[in-house]
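Report on one structure; see the data block that follows.
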Number of protein chains: 4
Amino acid sequence: MPRLSPSEAAPTPDEHCAKRRQILTGARAVFLEHGFDGASMGEIAKAAGVSKGTLYVYFADKHSLFVAIVEAEIHDQGWGSFDFSADTDVERQLRGFGQAYIQTLCKPRSSSAIRTVMAIAERMPEVGRSYYERVIAQTVRRLGEALKRQVEAGVLKIDDCEFAASQFMMSCQASLFLPFVFQATPQPTPERIAAVVDSATRMFLAAYRVPSSS
Amino acid sequence: MPRLSPSEAAPTPDEHCAKRRQILTGARAVFLEHGFDGASMGEIAKAAGVSKGTLYVYFADKHSLFVAIVEAEIHDQGWGSFDFSADTDVERQLRGFGQAYIQTLCKPRSSSAIRTVMAIAERMPEVGRSYYERVIAQTVRRLGEALKRQVEAGVLKIDDCEFAASQFMMSCQASLFLPFVFQATPQPTPERIAAVVDSATRMFLAAYRVPSSS
Amino acid sequence: MPRLSPSEAAPTPDEHCAKRRQILTGARAVFLEHGFDGASMGEIAKAAGVSKGTLYVYFADKHSLFVAIVEAEIHDQGWGSFDFSADTDVERQLRGFGQAYIQTLCKPRSSSAIRTVMAIAERMPEVGRSYYERVIAQTVRRLGEALKRQVEAGVLKIDDCEFAASQFMMSCQASLFLPFVFQATPQPTPERIAAVVDSATRMFLAAYRVPSSS
Amino acid sequence: MPRLSPSEAAPTPDEHCAKRRQILTGARAVFLEHGFDGASMGEIAKAAGVSKGTLYVYFADKHSLFVAIVEAEIHDQGWGSFDFSADTDVERQLRGFGQAYIQTLCKPRSSSAIRTVMAIAERMPEVGRSYYERVIAQTVRRLGEALKRQVEAGVLKIDDCEFAASQFMMSCQASLFLPFVFQATPQPTPERIAAVVDSATRMFLAAYRVPSSS
DNA sequence: TATGAATGAGGGTTCATTCAT
DNA sequence: AATGAATGAACCCTCATTCAT
């Protein structure tokens, strides 16, 4: 039996994926704004521009949709785009990464995701763990590897490079991230971020830079 | 007939306070475990061992009860008990405070509160701000003052002591707090905490200690 | 065992009656404003200035209290004070009564009572019946008797005086009471009432006055 | 396979309207019996044969449903069907209308609606006003116009025809409507109504008929 | 596939009533 | 007698989910 027109029958994979993405986009907005419990499937459907029933064609239930959102956030938030090879000078490397990192971290989108995932981590440990591993820990690991290369180049002296990476990243957050997520201060300006990252870089190098032999 | 104990007779302020505390205790457990939206007044009533109606005798609504819980946590979590005057040696001072701080921060109770308050900060900014100000910022301030004293004693050389305090505190969290709140690692052991705080202290002093003149 | 002071022991009947009246006063305000279902015992207690428990010392339940209120309204609304003997001239008699009647009927207090009792009459027929009988029907009866006296005096010619009384009273309401209870018009002014009652009186006398023999 | 009936297939506007009507029917029964506050959405759902949730698919809240009920009653109660042109003889016209009017007014359905709307008029003035205007006032207006035609035909002599209409309608209620709404007497018989309306007609014509010139 | 009508369990909240004091 | 803390049933309403179309 020939189909009269493709649009009247089973959707093509493209259409399927498009609608799926549409749902994810709407759901992300609602989940990140209201959290898992505060988000309602009705509001998600409206935000996605589909019917409530359609949500259940693509996702088994609210939980599955939420997991998919977190999964998507893990890939889309831009944590993978930090470029550690751009610079070989350790100071510029740290400053460049640090600023990009804090800028990303303090975007409303990131902080909403962190809030939302952190909030649910007690009841959905795998979701929390997965987000941490593939977003934060992975970034720590990549910075750690960059530091390792500097150690091997004799520029830095560090025992545990991954730990040092975490140490640097945390000190870059000083006075910036926590007050921002708790809504105690507005989103930090690039200038403020640069100053804080500068200070963190100085402290880090004071501790780990191999004294120049000159 | 002599009364066995006064608590069996007087129904008034003591019992009133007692029941209030009983409700707060139950509500804290439920709110901190499930978050604001995930907690139900019915579950809270059950946890507190009172009827649902009784909740509304003591608190106007769910929001008020939640605010009271956060308020209580602000006072009860032990952030105010850090003792900065115990030691005058800067290194021991930093290590002592850092360990106590991370120990407190990484207790399940603290991390649950942080998760819960952080999650709601977007919809209840005053709650988030209040928690940050009176728990975290206050601790930063107190450490900053301690550092200032060291600066005045000529031991440290720091421009912005409060910022330096935040920097130290954040670097103490390296590899410990974030994986813990995201449920990626179990509660850190005291040994691990000690090692991390040691490292943070070394880095901090490398950057800010005035070289001994000897 | 002698009582130390009367105020410390069983209250005197006076006190008892006073508190009872106090409750009735508060309850009347609340019941008449919100209706039986819309009124809450808590609000009544507050309006009466007593505790909720005290209400149940004086009245078995909400229903009993409501019945008592209606009973009190039946006596207190001033429907019994119409004076038919003040005037012997039939025209002045009708006008005088008509104005007093409509004035009373269109007071907020009367219309609230009528609304409230009428609303509940389907579920509490005895309450409705009692109110009608002892307020409205009684007034009709008294006017009917006054008319009868005029008939006996040869001034009016009426078969059924009680029915004629009702007829007069209803025609006095024309354009006044219904729009007022339905909140379509404000409380009528005395002037408007006088005009309407005048017209009703003229119509009534046109139909029932014995033509003067002169 | 041919469909047996269209109603078994199309789920859309017909069924939507049908269910809406079904809800309105159930809600009317409950609201008119118990009043706004006495009616519960659960009972309405049961009476309508739908689930509680379905009510909220069709109506935003209890208040909206109630307003819709009153609106429907305004149209469905048959107040618009009085025919003033059927008769040109003024006496037969008044008698015919008067009987139809009182018959309608004293049906349980009308008196329930009046009770319910009157009861809520203090808290929902627009509802009360709307009901009065579009049911009672409109009928008064239409009778007033019919009277005006009789005035223009030289049959009646009336200054304010709308007021006279109200006067006639009120006097038709004498001894009938009030005792009925207050549940003091049963629904009046057609014979009783006829007698009362006859009397009202006689009184009205005695006052307003232009004496025949013969 | 996509819909949206329909559901019923459960949400927060109120309230008439009781009872120990 | 008077209280007010306590209750639990019922209130209105929301929501995740299902299902016929």
Side-chain angles (χ1 to χ4, degrees), chain A residues 7-12 15-16 19 23 37-45 50-63 65, chain B residues 8-12 15-16 18-20 37-45 49-63 65, chain C residues 7-12 15-16 19-20 23 37-45 50-63 65, chain D residues 8-12 15-16 18-20 23 37-45 49-63 65:
Chain A
S7 71
E8 286 179 0
T12 66
E15 287 176 356
H16 189 274
K19 185 140 292 194
I23 291 174
D37 291 303
S40 85
M41 293 298 269
E43 202 179 349
I44 289 171
V50 302
S51 78
K52 253 196 296 186
T54 303
L55 298 180
Y56 289 87
V57 173
Y58 290 85
F59 299 94
D61 54 17
K62 192 184 183 183
H63 182 273
L65 179 52
Chain B
E8 286 179 0
T12 18
E15 291 195 4
H16 189 274
K19 186 137 296 191
R20 195 188 153 90
D37 290 304
S40 88
M41 293 299 269
E43 203 178 350
I44 288 171
V50 302
S51 78
K52 246 191 317 177
T54 302
L55 299 180
Y56 290 88
V57 173
Y58 291 84
F59 298 94
D61 51 20
K62 191 186 187 184
H63 182 272
L65 179 52
Chain C
S7 70
E8 284 179 0
T12 68
E15 287 175 353
H16 190 275
K19 186 140 291 190
R20 193 187 151 91
I23 291 174
D37 291 302
S40 87
M41 294 299 269
E43 202 179 350
I44 289 171
V50 302
S51 79
K52 255 196 295 186
T54 304
L55 298 181
Y56 289 86
V57 173
Y58 290 85
F59 300 94
D61 52 18
K62 191 185 186 184
H63 182 274
L65 179 51
Chain D
E8 288 179 359
T12 18
E15 291 193 7
H16 190 274
K19 185 137 298 196
R20 196 188 151 90
I23 291 173
D37 290 305
S40 88
M41 293 300 269
E43 202 178 349
I44 288 171
V50 301
S51 79
K52 243 187 325 177
T54 302
L55 298 181
Y56 291 89
V57 173
Y58 291 84
F59 299 94
D61 52 20
K62 192 187 186 183
H63 182 273
L65 179 53

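First the proteins, then the strands, lettered A, B, ... as listed; each starts at 1. Worth saying up front: this structure is predicted, and the values here are computed from it rather than measured.
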- Item | Spacing of C:Glu43 atom CD relative to E:dC15 atom P, expressed in whole Å | 8 Å
- Take D:Gly42 and B:Gly49, find for each the nucleotide of DNA chain F with the closest heavy atom, and name the residue whose nucleotide sits nearer the 5' end. B:Gly49
- Between B:Ser40 and E:dG11, does any side-chain N or O lie under 4.0 Å from OP1 or OP2? yes
- Nearest heavy-atom approach of A:Ala39 to A:Ile44 is CB-CD1, 4.4 Å
- Query: Which whole-number value in Å describes the distance from C:Ile44 CD1 to E:dT14 P?
  - Reply: 17 Å
- Take atom CG of D:Asp37 and atom P of F:dA10, then tell me their distance rounded to the nearest Å. 18 Å
- Message: Using whole Å, what does the distance between atom C1' of nucleotide F:dC15 and atom CG of A:Asp61 come to?
- Response: 14 Å
- Between F:dA2 atom P and C:Phe59 atom CZ, what is the distance in whole Å? 12 Å
- Nearest heavy atoms of D:Leu55 and D:Met41, plus distance in Å: CD1-O, 3.3 Å
- Using a cut-off of strictly less than 4.0 Å, decide whether C:Lys52 has a side-chain nitrogen or oxygen near OP1 or OP2 of F:dG4. no
- Item | F:dT7 OP1/OP2 closer than 4.0 Å to side-chain N/O of B:Ser51 | yes
- Task: Return the minimal non-hydrogen interatomic distance between B:Ala45 and B:Ser51, and the atom names on each side.
- Result: CB-C, 3.9 Å
- Picking from E:dA5, E:dT13, F:dC12, which would you name as closest to the side chain of D:Tyr58? E:dA5
- Message: In whole Å, I'd like the distance from the NE2 atom of C:His63 to the C1' atom of E:dT17.
- Response: 16 Å
- Note on the structure: Here the pair of heavy atoms bringing D:Tyr56 nearest to D:Asp61 is CE2-CA, 3.9 Å
- If you check every side-chain atom of B:Thr54, which of F:dA6, F:dT17, F:dC13 has the closest atom? F:dA6
- Message: If I take atom CG in residue B:Leu55 and atom C1' in nucleotide E:dT14, what distance separates them, rounded to the nearest angstrom?
- Response: 13 Å
- With both distances under 3.5 Å as the test, what is the Watson-Crick or G-U wobble partner of E:dG4? F:dC19
- By nearest nucleotide on DNA chain E, pick out whichever of D:Val50 and B:Gly53 is the more 5' one. D:Val50
- So, for D:Lys19 and D:Val50, which heavy atoms are closest and what is the spacing to 0.1 Å? CD-CG1, 4.1 Å
- Item | Selected nucleotide, minimal atom distance to B:Tyr56 side chain, candidates E:dT13, E:dC15, F:dA2 | E:dT13
- Task: From the options F:dC11, F:dT7, E:dT13, select the nucleotide whose nearest atom is closest to the side chain of B:Lys62.
- Result: E:dT13
- Could you check how far CE of B:Met41 sits from P of F:dA10, rounded to whole Å? 21 Å
- Answer with base, sugar-phosphate or nothing: what part of the nucleic acid does A:Ala39 contact at a heavy-atom distance below 4.0 Å? sugar-phosphate
